[in-house]
Amino acid sequence: VKRKILICGGGNGAHCLSALAASRENLDVNVLTLFQDEAERWTKLLEDNDLKISVTYNDGNESEIHSKPSIITKDPAKAVEGVDIVFLVVPAFAHAQYFTTMTPYLQPNTLIVGLPGQAGFEFQCRSMLGKKASTCTIASLESLPWACRILEFGKHVQILGFKESLGMSFLTGSECNLSFPVVETVQEILGEKPKIQVIQNYIAVNLMAKSIIHPPLLYGKWGDWDGTPVPEKPLFYQGVDDRQAELLSKVSDEVLATAKELAKLRNGCDMSEVIHIFDWYKIYYKDQVSDKSSLMMAMRTNKAYDGLVHPMTSTEDGKFVPDFTYRYISEDVPFGLVVMKGIAEIAGVETPTIDTIIAWAQKKLDKEYIVGWKLTGKDIASARAPQSYGLHTIDELFNM
Ligand code: NAI
């Protein structure tokens, strides 16, 4: 059978998935991009050309794939028509716009996949789809399957590496009857790598999100900063000091304590995939990290992080100041740390380190999520905690 899928987005990941999926014979691929004039520009660029991916496989082999999606549009009616599966491949702050635009056109028995979902994806999707949510299945992958970047917008994208495996959870709506199996179908679309690992509990995927990494490192570096511009952009990972590593480790401890408490409160619920960030580095980057003696050293000696610097903007005299609007805060706090905090609050677990970091970051974002140690700030609705959608109890959390 030929299956019709929709890819939402126009960035690195959306280019990759569009080209990969369109190259498969049994898939008909639509693309919906709502950002600026991306749809128009992309359509024009592909009039006489195919979309090209240059792939470097993990064994060093290289290949090129040429293909073309059927339509690229900003019109949701056209994009959604006849589609079985919708992939959202945009940063988390852009998800809401796609939910709003697509919902009127969604047919029952659609699979909606967050690639990646990022923390709070299911809460937001359920809430924004309204009555239609129960007729859909909502899946979330823990990250993007590839390290990838656009070389030339609309025309050429590069895959620098495939993840070996990737966790995915899904919530089947009470009135949803998909005509295809979720895991096998998503796997077929992605290809052989990464191997999808099903995670039974969607809360575990939320607590596994790697959005916990950037905010403590930023707070550790800039929390006491006096505002004086610095002569160069500091290294983000290779420059990690004891205090930053300790902050990250404590955030991870608090997330882990939340997972353990939930497992206790919901007898039998499996949270075993939620592991400490130091353990995660040792497993996930086992070949890239040369010194595994501490979390600090693991981060400082991770080859995958070579040369990455703090997000900075330059001043008139050629110096630098931190850019607190960058995704490391604007995505990773409202769509990351605040979600973990919300789950911890419901589990009754105290999170002093997470609270301190959110309190600092929200000032930089000019928002108020947390007041003291409670998520009762006036801007909580613009984040993705369970509380942002009126979920306040363990039962509400688990019976979504
Ligand atoms: P990207 O930065 O390439 O996304 C940019 C696209 O997002 C734009 O082309 C536009 O379509 C949309 N967009 C941007 N600003 C928007 C706005 N204000 N309103 C509406 N739409 C807007 O993102 P990328 O690299 O594709 O990543 C997608 C997700 O995957 C992110 O959450 C990222 O953190 C994650 N990720 C990316 C990796 C990579 O190698 N690129 C690796 C691992 C995770």
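Below, all heavy atoms of this structure are taken into account, side chains as well, without hydrogens, waters or symmetry copies. Ligands are counted one by one from 1 in listed order, and the atoms in each one are counted from 1 as well.
- Atoms of ligand 1 found under 4.0 Å from any heavy atom of Ser143 (numbered from 1 in listed order, with element): 43 (C), 44 (C).
- Taking only nitrogen or oxygen atoms, main chain and side chain alike, Ala147 does not reach within less than 3.5 Å of ligand 1.
- Summarising the local packing, NZ of Lys286 is surrounded by 12 or fewer heavy atoms from other residues, nucleotides or ligands at distances under 6.0 Å.
- Inclusion of Lys163 in the set of residues having an N or O under 3.5 Å from an N or O of ligand 1 is not warranted.
- Scanning Pro91, Gly9, Gly11 for the heavy atom closest to atom 7 (O) of ligand 1 points to Pro91.
- Within 6.0 Å of CD on Glu81 lie no more than 12 heavy atoms contributed by other residues, nucleotides or ligands.
- Aromatic rings from Phe162 and Tyr57 are positioned such that their centres are separated by under 6.0 Å.
- Counting only heavy atoms of the protein, atom 40 (O) of ligand 1 lies nearest to Cys148 N, 3.1 Å.
- Ranking protein heavy atoms by distance to atom 11 (O) of ligand 1, first place goes to Glu38 OE1, 2.7 Å.
- Relative to the six-membered ring of Phe153, Arg41 meets both conditions, a distance below 6.0 Å and an angle of at most 45° to the axis.
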Take Phe324 and Trp360, measure what ring pair (Phe, Tyr, Trp, His ring centres under 6.0 Å) needs, and give me the verdict at the end.
-> CA-CA 11 Å; Phe324 294 124; Trp360 172 77; 5.6 Å; yes
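- At a 3.5 angstrom cut-off on N or O pairs, Glu331 counts as close to ligand 1.
- Residues meeting the ring-ring contact (aromatic ring centres under 6.0 Å, His included) test with Tyr284, sequence neighbours left out: Trp280.
- Within 6.0 Å of CD on Glu232 lie no more than 12 heavy atoms contributed by other residues, nucleotides or ligands.
- If you check which protein heavy atom lies closest to atom 42 (C) of ligand 1, you get Trp146 O, 3.9 Å.
- Residue Phe35 holds the heavy atom nearest to atom 13 (N) of ligand 1 of all those in Trp42, Phe35, Phe335, Tyr328.
- Of the options Ala209, Gly114, Pro116, Cys8, the smallest heavy-atom separation from atom 35 (C) of ligand 1 is shown by Pro116.
- Between Trp222 and Trp225, the two ring planes are perpendicular [angle over 60°; tilted spans 30° to 60°].
- Using 4.0 Å as the threshold, Gln36 has no heavy atom nearer than that to any atom of ligand 1.
- When side chains are defined from C-beta on, Leu190 counts as touching Leu17, because their heavy atoms get closer than 4.5 Å.
- At a 4.0 Å cut-off, at least one heavy atom of Arg327 sits close enough to ligand 1 to count as contact.
- Looking at atom 37 (C) of ligand 1, its nearest protein heavy atom turns out to be Leu144 CD2, 3.5 Å.
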